[in-house]
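Below is one structure, written out as structure tokens, with a few remarks after it.
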Amino acid sequence: DFREGSGATPRWGQLIRLNFVGYTVDVTGAELSKYDSTYDRDQVYFTKHGNGQTIRGLEEAVHTMRPGGRRRVIVPPGPLGFAVGDKGPLPPYQAARDKMFGAVTDGLPLVFDVELMTVMDDLLDRGDYDEGDESDVVALLQAKARARQESLAEGEARPEAISPDM
């Protein structure tokens, strides 16, 4: 890590924003050549963490980062990396895509300098993306229902019913 960052690490299903510089590696492994940069484009990479739309090697590296953290990630060819026409982040410009996919086709790793900017809950998709199972969700809902019943029993005002005429 270049910088540790602070706060909670992202959970699967949360929305993340990150900046990165993507490099190809020459055949000797001695020299990096930049092919893409969100800093140069002034456009962060925004995605849902763990949705399968980002290459696995980058997802796994970001999963242990904290907001504000910066790290170098080496994504080897194979299941952690790209396949031609695969997942993001894909450069928006053809020359950069050609350079990146040329390295992938040659079986070379890609290198990313990543900065995790923000992590936030997705308020529209409340899906359960963690490692738990459905019994965890049922137990959580039952506990919330019990807590609500107790608060109503203690005299808390009931919410107004919604009129069927609405």
Side-chain angles (χ1 to χ4, degrees), residues 1-26 29-134 136-141 143-144:
D1 284 356
F2 298 122
R3 183 173 60 220
E4 188 69 29
S6 60
T9 59
R11 295 183 321 274
W12 302 119
Q14 286 188 304
L15 299 174
I16 59 172
R17 291 174 53 236
L18 57 92
N19 275 311
F20 69 88
V21 179
Y23 301 96
T24 57
V25 181
D26 71 355
E31 199 169 314
L32 297 178
S33 176
K34 180 169 70 171
Y35 69 86
D36 191 18
S37 170
T38 58
Y39 297 104
D40 292 349
R41 292 188 262 126
D42 194 28
Q43 183 181 20
V44 298
Y45 182 65
F46 180 74
T47 188
K48 181 176 287 214
H49 184 49
N51 70 352
Q53 298 302 308
T54 302
I55 59 170
R56 189 170 153 207
L58 200 52
E59 287 276 20
E60 289 183 10
V62 169
H63 195 65
T64 57
M65 291 179 71
R66 299 179 186 284
R70 297 182 72 186
R71 97 173 16 155
R72 176 160 284 173
V73 179
I74 300 171
V75 180
L80 295 178
F82 281 97
V84 176
D86 196 13
K87 302 169 179 169
L90 294 174
Y93 307 111
Q94 189 63 47
R97 283 194 301 273
D98 291 346
K99 185 174 184 177
M100 181 191 78
F101 285 129
V104 169
T105 303
D106 291 343
L108 299 171
L110 296 175
V111 177
F112 293 91
D113 287 341
V114 179
E115 179 180 16
L116 182 59
M117 306 300 291
T118 60
V119 175
M120 63 191 109
D121 288 330
D122 184 346
L123 299 178
L124 297 177
D125 178 6
R126 301 301 299 254
D128 182 16
Y129 290 86
D130 67 8
E131 289 77 33
D133 60 22
E134 66 276 357
D136 295 337
V137 175
V138 171
L140 176 65
L141 292 174
K144 285 186 175 192

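Only heavy atoms go into these numbers, but all of them, side chains included; no hydrogens, no water, no symmetry mates.
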Would you check if the side chain of Thr38 reaches a backbone N or O of Phe20 as a donor-acceptor pair within less than 3.5 Å? yes
Distance from Asn51 atom CG to Asp122 atom CG, nearest 0.5 Å? 10.0 Å
Rounded to the nearest 0.5 angstrom, the OG1-CD1 distance for Thr9 and Ile16 is 11.5 Å
Please answer whether the main-chain N or O of Glu4 pairs with a side-chain N or O of Arg66 as donor and acceptor at a distance below 3.5 Å. no
All heavy atoms of Leu58 vs all of Val75, minimum pair found to be N-CG2, 4.3 Å
Kindly give the heavy-atom pair with the smallest separation between Pro76 and Pro109, and that separation in Å. CA-CB, 4.1 Å
What verdict does the side-chain contact (heavy atoms from CB on, under 4.5 Å) test give for Asn19 and Val114, after you've listed the backbone C-alpha separation in whole Å, the side-chain angles of each residue and the deciding distance to 0.1 Å? CA-CA 6 Å; Asn19 275 311; Val114 179; over 6 Å; no
Distance from Phe46 atom CZ to Met120 atom CE, nearest 0.5 Å? 5.0 Å
Quick check on side-chain contact (heavy atoms from CB on, under 4.5 Å): which of Asp113, Val62, Thr64 does Arg71 satisfy it with? Thr64
Charged N to carboxylate O below 4.0 Å: is that the case for Lys99 and Asp36? no
Is there a side-chain contact between Leu110 and Thr24, using heavy atoms and a 4.5 Å cut-off? yes
Arg97 side-chain N/O to Pro91 backbone N/O, donor-acceptor pair under 3.5 Å: yes
Which is it for Leu90 and Met100 under the side-chain contact (heavy atoms from CB on, under 4.5 Å) test, yes or no, and what are the steps along the way? CA-CA 9 Å; Leu90 294 174; Met100 181 191 78; 3.7 Å; yes
Taking Asp106 for the side chain and Leu108 for the main chain, is one N or O donor matched with an acceptor at less than 3.5 Å? no
Partner set under ring pair (Phe, Tyr, Trp, His ring centres under 6.0 Å) for Tyr35, not counting sequence neighbours: none
Looking only at heavy atoms, the pair that brings Glu115 and Tyr39 closest together is OE1-OH, 2.6 Å
Correct closest heavy-atom pair for Arg11 and Asp121 would be NH2-OD1, 3.0 Å
Inter-residue atom distance Arg3.CZ - Met65.CE, 0.5 Å rounding: 9.0 Å
Which heavy atom of Phe112 sits nearest to which heavy atom of Pro89, and what is that distance? CE2-CG, 4.2 Å
Taking all atoms of both residues into account, what is the closest heavy-atom pair of Pro67 and Ala8, and its distance? CD-O, 3.3 Å
Can you tell me how far apart CG (Leu18) and CZ (Arg70) are? Round to the nearest 0.5 Å. 12.0 Å
Give a yes or no on whether Asp40 atom CG has more than 12 heavy-atom contacts from other residues, nucleotides or ligands under 6.0 Å away. yes
Over 60° means perpendicular and under 30° means parallel, so tell me whether His63 and His49 are parallel, tilted or perpendicular. parallel
